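Nothing fancy with the numbering, it's 1 onward along the sequence. All of these numbers come straight from a predicted model, not from anything done at the bench. Note: hydrogens, waters and symmetry copies are ignored here, and every other heavy atom, side chains too, is used.
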Amino acid sequence: QVRLVESGGGLVQAGGSLRLSCAASGLTFSRYTMGWFRQAPGKEREPVAAIRRTGDSTYYRDSAKGRFTISRDNAKNTVYLQMNTLKPEDTAVYYCAASLGYNEYDYWGQGTQVTVSS
């Protein structure tokens, strides 16, 4: 079975940092584009960042640029999201997802809560 397990969420003050991790199993990790999404209460799920399977190309939503960094370690089957200069509007459940790159994401993790206090 494919499993994506996020960790690293928590409560942090505005301006602080967190690093999220997503450990994947049951799939050929290096074949997948990996992405981070988030969903705040009453809001739509939105993409935050993504990284291609080789790690040579990344995507960030505008509000994350310059603050967030996505990376991956294919040897560890893990993708990371380093989040710096966190803002209260970053508060959401963050989800890890895997995609073969053709359209929609194929697999999703259970999510990890990130709360940023003012």
Q: In Å, rounded to the nearest 0.5 Å, how long is the span from CG of L81 to OG1 of T112?
A: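 One finds 11.0 Å between CG of L81 and OG1 of T112.
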
Q: Minimum heavy-atom separation for Y32 to T28, with atom names?
A: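 Minimum heavy-atom separation between Y32 and T28: CD1-O, 3.2 Å.
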
Q: With a 4.5 Å limit on heavy-atom distance, are the side chains of Y94 and Q39 in contact?
A: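 Result no, sub-4.5 Å side-chain heavy-atom pair not found.
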
Q: Looking at R72 and R52, would you say the former's side chain and the latter's main chain have a donor-acceptor pair under 3.5 Å?
A: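 Flag set: sc R72 to bb R52 pair under 3.5 Å.
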
Q: Return a table of donor-acceptor pairs under 3.5 angstrom between the side chains of residues 43-51 and protein atoms on other chains or two or more places apart.
A:
| unit_1 | atom_1 | unit_2 | atom_2 | d |
| --- | --- | --- | --- | --- |
| E46 | OE1 | R61 | NH2 | 3.3 |
| E46 | OE2 | R38 | NE | 2.7 |
| E46 | OE2 | R38 | NH2 | 3.1 |

Q: Is there a path from I70 to F29 through hydrophobic residues (I, L, V, M, F, W, Y) whose side chains come within less than 4.5 Å of each other?
A: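 As far as the 4.5 Å side-chain criterion goes, F29 and I70 are connected within one cluster.
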
Q: How far apart are the closest heavy atoms of L4 and C22, and which atoms are they?
A: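 That closest heavy-atom pairing would be CB-SG, 3.9 Å.
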
Q: Take Q82 and S17 through the test side chain to side chain contact (heavy atoms under 4.5 Å, CB included) and record every step on the way to the result.
A: CA-CA 8 Å; Q82 178 67 45; S17 299; 4.0 Å; yes

Q: Answer yes if the side chains of N74 and S30 hold a donor-acceptor pair under 3.5 Å, and no otherwise.
A: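 On atom types as modelled, these side chains do not qualify, holding no pair under 3.5 Å.
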
Q: Does E104 have any side-chain hydrogen bond (donor to acceptor under 3.5 Å, both in side chains) partners at least two apart in sequence or in another chain, and if so, which?
A: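 side-chain hydrogen bond (donor to acceptor under 3.5 Å, both in side chains) list for E104, sorted by chain: empty.
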
Q: Looking only at heavy atoms, what is the nearest atom pair of V114 and G9, with distance?
A: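 In this case the closest contact between V114 and G9 is CG2-CA, 4.2 Å.
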
Q: To check you understand the geometry: which heavy-atom pair defines the closest contact between E6 and C96, and what is its length?
A: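 Answer, listing the atom of E6 first, then C96: OE2-N, 2.7 Å.
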
Q: Work out which heavy atom in A14 is nearest to a heavy atom in P88; give both atom names and the distance.
A: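 Heavy-atom minimum between the residues: CB-CD, 4.1 Å.
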
Q: For the hydrophobic clusters of this structure (ILVMFWY residues joined by side-chain heavy atoms under 4.5 Å, transitively), does one cluster hold both Y59 and M34?
A: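 In one cluster: no.
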
Q: Determine, using the 4.5 Å side-chain heavy-atom cutoff (strictly less than), whether W36 and F68 are members of one ILVMFWY cluster.
A: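 W36 and F68: one cluster.
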
Q: Go through the steps to decide whether K87 and D90 satisfy the test salt bridge (charged side-chain N to carboxylate O under 4.0 Å, His left out), and finish with yes or no.
A: CA-CA 5 Å; K87 304 174 181 179; D90 295 317; over 6 Å; no

Q: For L100 and R31, work out which heavy atoms get closest and say how close.
A: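 Closest pair (atom of L100, atom of R31, distance): CD2-O, 3.9 Å.
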
Q: Other than Y95, what residues sit in its cluster of Ile, Leu, Val, Met, Phe, Trp and Tyr side chains whose heavy atoms are under 4.5 Å apart, directly or through others?
A: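 Once heavy-atom contacts under 4.5 Å are chained together, Y95 belongs with F37, V93, Y105, W108.
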
Q: Do L20 and Y80 share a hydrophobic cluster (ILVMFWY, side-chain heavy atoms under 4.5 Å, transitive)?
A: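 Different clusters.
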
Q: OG1 of T69 to CG of N84: how many Å apart, nearest 0.5 Å?
A: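 Going from the OG1 atom of T69 to the CG atom of N84 covers 6.5 Å.
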
Q: Judged by atom type as modelled, is there a donor-acceptor pair below 3.5 Å linking the side chain of T91 to the main-chain atoms of E89?
A: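 Not confirmed, T91 side chain does not pair with E89 backbone.
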
Q: Working to the nearest 0.5 Å, report the span between CZ of R3 and CD of Q110.
A: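 If I round to the nearest 0.5 Å, the distance is 8.5 Å.
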
